[in-house]
> 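What follows is a structure written as structure tokens; I'll ask about it next.
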Amino acid sequence: VRIDGVPMYENDGSYRGMLFLLQDITAIRRLENMRSEFVANVSHELKTPVAAVKGFAETLLSGGVRDEETTRSFLQIIYDEGDRLNRLISDILDLSKIESKRATLDCSPVHLMPFFEMITGTLGNVAEKKQIRLILDVPEELFIEADEDKLKQIFLNLVSNGINYTLDGGRVKITAQISKDEENVIFQVSDTGIGIPKSDLPRVFERFYRVDKGRSRNSGGTGLGLSIVKHLVELHHGQLAVESELGAGTTFTVTLPMLQDSVEESEED
Ligand code: ADP
């Protein structure tokens with residue numbers, strides 16, 4: 001609690017008493033703490049790849065490495081860490097745009113079948129490398145009103161997580177169906193992967209939260225994907241949920257209204 005006091009005087013200048021202002025600043029403090037924690041996290045996340053780039057470049061420049069194979073592997077690390085920096089910066093910018101409420105929706109009807117074929121096409125190579133089967137179970141003639149770029153970001157994130165956190169030879173399945181009341185489309189992205197421990201489940205949507213930092217880093221993760229997904233789903237007036245069984249697999253469920261207009265109108269009511 002913050003306490004401010006000011007003396008009060010009558011018109012003739014005589015002392016009347018003190019006015020105290022008691023302000024509960026718990027919420028403000030919490031926000032300030034969250035902000036500085038975020039800045040600290042961002043700095044740490046950015047410094048790690050920068051340090052790697054500098055370190056390996058310095059070693060190469062010093063002329064200490066003679067054989068070609070080692071030189072190439074150092075250059076590959078520099079390239080990969082550069083790539084990682086790129087992803088981090090674009091994720092941080094995306095997140096800050098969404099969180100500052102500057103992100104808006106540009107909706108149009110999206111035909112789901114070709115949309116998901118594009119998603120599995122984009123990630124096909126990554127899945128193939130791990131011999132992971134991508135399965136699509138989406139009604140042929142289903143459309144949804146959504147911001148296609150943001151929808152793409154949502155599902156590229158969920159499906160690539162499914163691939164990243166599934167061992168070789170597994171499968172990732174995408175399904176879409178209309179809800180009973182016919183107002184929403186329910187999407188599920190499920191994998192046969194490593195799963196998420198129960199105690200970590202409530203935290204996976206937090207910025208920079210990772211169950212296993214090492215594995216996330218190795219697979220190129222930034223720890224921001226799911227918090228971006230959550231914001232984008234909410235921007236569409238939808239819901240995001242996760243269920244998981246350790247060692248058996250994880251399912252993310254995204255529920256989105258079929259029509260955006262009807263949601264906005266009913267919210268104004
Ligand atoms: P990252 O870039 O680390 O993948 P995300 O925000 O996308 O960051 O995910 C946060 C964390 O949640 C991941 O580091 C991982 O530990 C866990 N996670 C996300 N998706 C899955 C999944 N399909 N299976 C198992 N763990 C997952």
Side-chain angles (χ1 to χ4, degrees), residues 34 37-38 41-42 44-49 52 80-99 116 119-120 122-123 126-127 129-137 150-175 187-235 238-254:
M34 270 171 67
E37 193 183 316
F38 181 61
N41 275 334
V42 167
H44 175 75
E45 296 289 334
L46 291 175
K47 274 182 181 164
T48 315
D80 291 343
E81 293 296 309
D83 217 29
R84 206 181 134 59
L85 268 174
N86 216 355
R87 267 197 311 274
L88 260 168
I89 292 167
S90 93
D91 276 1
I92 291 168
L93 290 178
D94 275 350
L95 202 61
S96 98
K97 191 168 174 195
I98 304 167
E99 291 194 344
F116 280 113
I119 298 280
T120 53
T122 307
L123 296 172
V126 195
K129 271 192 201 138
K130 295 181 72 181
Q131 290 167 323
I132 289 177
R133 273 188 311 141
L134 293 182
I135 301 168
L136 257 189
D137 183 4
K150 295 190 170 69
L151 202 64
K152 194 169 152 187
Q153 222 177 339
I154 293 173
F155 288 102
L156 280 178
N157 262 306
L158 293 179
V159 178
S160 58
N161 274 351
I163 298 170
N164 279 341
Y165 299 106
T166 295
L167 302 180
D168 291 15
R171 65 137 186 81
V172 176
K173 188 172 174 185
I174 306 168
T175 63
F187 301 92
Q188 289 198 309
V189 178
S190 57
D191 61 54
T192 55
I194 59 171
I196 301 169
K198 286 267 173 303
S199 55
D200 290 288
L201 270 184
R203 302 198 59 189
V204 292
F205 300 116
E206 286 175 23
R207 300 176 296 198
F208 294 120
Y209 192 82
R210 294 140 160 156
V211 177
D212 176 349
K213 262 195 186 302
R215 184 189 288 269
S216 162
R217 281 244 171 71
N218 290 340
S219 64
T222 63
L224 292 174
L226 285 181
S227 48
I228 293 177
V229 168
K230 188 162 167 55
H231 280 295
L232 292 178
V233 168
E234 284 167 1
L235 204 60
Q239 282 127 33
L240 175 64
V242 58
E243 283 168 282
S244 189
E245 192 71 49
L246 205 57
T250 304
T251 300
F252 285 92
T253 304
V254 178

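This structure is a prediction, so every number in the text was calculated from the model and none was measured. Read the numbers this way: they start at 1 and go in the same order the structure lists the ligands and their atoms.
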> If you draw a 6.0 Å radius around NZ in K198, do more than 12 non-hydrogen atoms from other residues or ligands fall strictly inside?
yes
> Before accepting this row, confirm whether a basic side-chain N of the pair D83/R87 lies closer than 4.0 Å to the acidic partner's carboxylate O.
yes
> Give me the nearest non-hydrogen protein atom to atom 21 (C) of ligand 1 as residue plus atom name, then the distance to 0.1 Å.
Y165 CD1, 3.5 Å
> For atom 8 (O) of ligand 1, what is the closest protein heavy atom, and at what distance to 0.1 Å?
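Heavy-atom neighbour on the protein nearest atom 8 (O) of ligand 1: G223 CA, 3.2 Å.
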> Could you tell me how the ring of F187 sits relative to the ring of F116: parallel (under 30°), tilted (30 to 60°) or perpendicular (over 60°)?
tilted
> Is L226 close to N157 at the side-chain level, that is, under 4.5 Å between some pair of heavy atoms?
no
> Is there a side-chain contact between T250 and Y165 (heavy atoms, below 4.5 Å)?
no
> Among protein heavy atoms, which lies nearest atom 11 (C) of ligand 1, and at what distance?
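Looking at atom 11 (C) of ligand 1, the protein heavy atom closest to it is Y209 O, 3.6 Å.
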> Flag the pair R207 and E99 as a salt bridge only when some basic side-chain nitrogen lies within less than 4.0 angstrom of an acidic carboxylate oxygen.
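Salt bridge: yes.
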> N/O of S227 under 3.5 Å from N/O of ligand 1, yes or no?
no
> Can you tell me how far CG of L246 sits from CD1 of I196, rounded to the nearest 0.5 angstrom?
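Result: 9.5 Å between the selected atoms.
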> Between V189, N161, D191, V159, which one has a non-hydrogen atom sitting closest to atom 7 (O) of ligand 1?
N161
> Is any NZ, NE, NH1 or NH2 atom of the basic residue among E206 and K230 found under 4.0 Å from an Asp or Glu carboxylate oxygen of the other?
no
> With a 4.0 Å heavy-atom cut-off (strictly under), which part of L224 contacts ligand 1: side chain, backbone, both or neither?
backbone
> Check each heavy atom of T250 against ligand 1 and say whether those closer than 4.0 Å belong to the side chain, the backbone, both or neither.
side chain
> Are N157 and ligand 1 in contact, using a heavy-atom cut-off of under 4.0 Å?
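It does not; every heavy atom stays at 4.0 Å or beyond.
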> Of all the atoms in ligand 1, which lie at a distance below 4.0 Å from a heavy atom belonging to G195?
25 (C)
> Does ligand 1 have any atom that is closer than 4.0 Å to a heavy atom of F252?
yes
> Considering all heavy atoms of both residues, which atom of D191 and which atom of G162 are nearest to each other, and what is their separation?
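Where D191 meets G162 most closely, the heavy atoms are OD2-CA, 3.5 Å.
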> Tell me which protein heavy atom sits closest to atom 16 (O) of ligand 1, plus the residue, atom name and distance to 0.1 Å.
V211 N, 3.0 Å
> Indicate, as side chain, backbone, both or neither, the part of I196 found under 4.0 angstrom from ligand 1 when only non-hydrogen atoms are considered.
side chain
> To the nearest 0.1 Å, how far is atom 6 (O) of ligand 1 from its closest protein heavy atom, and which atom is that?
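Residue, atom and distance for the closest contact: L226 N, 2.8 Å.
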> Could you list the atoms of ligand 1 found under 4.0 angstrom from a heavy atom of T222?
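Selected atoms, number and element: 2 (O).
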> Is it the case that the side chain of T192 and the backbone of R171 share a donor-acceptor pair, with hydrogens and angles ignored and the cut-off at 3.5 Å?
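Yes, T192 side chain to R171 backbone: donor-acceptor pair under 3.5 Å.
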> Within a distance under 4.0 Å of any heavy atom of G221, pick out the atoms of ligand 1 and give their elements.
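Listed by number with element, the hits are 1 (P), 2 (O).
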> Quick one: are H231 and L95 in side-chain contact, heavy atoms under 4.5 Å?
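Yes, side chains in contact.
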> Taking only non-hydrogen atoms of G193, do any sit less than 4.0 angstrom from ligand 1?
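No.
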> Taking K130 for its side chain and I163 for its backbone only, find out whether a donor-acceptor pair lies under 3.5 Å.
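Present.
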> Under 3.5 Å between some N or O of ligand 1 and some N or O of G225?
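Min N/O separation from ligand 1 is below 3.5 Å for G225.
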> Tell me the protein heavy atom at minimum distance from atom 3 (O) of ligand 1, and give that distance in Å.
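The protein heavy atom lying closest is S216 OG, 2.5 Å.
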> Any atoms of ligand 1 less than 4.0 Å from a non-hydrogen atom of V204? List them with their elements.
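In order of number, 10 (C), 12 (O).
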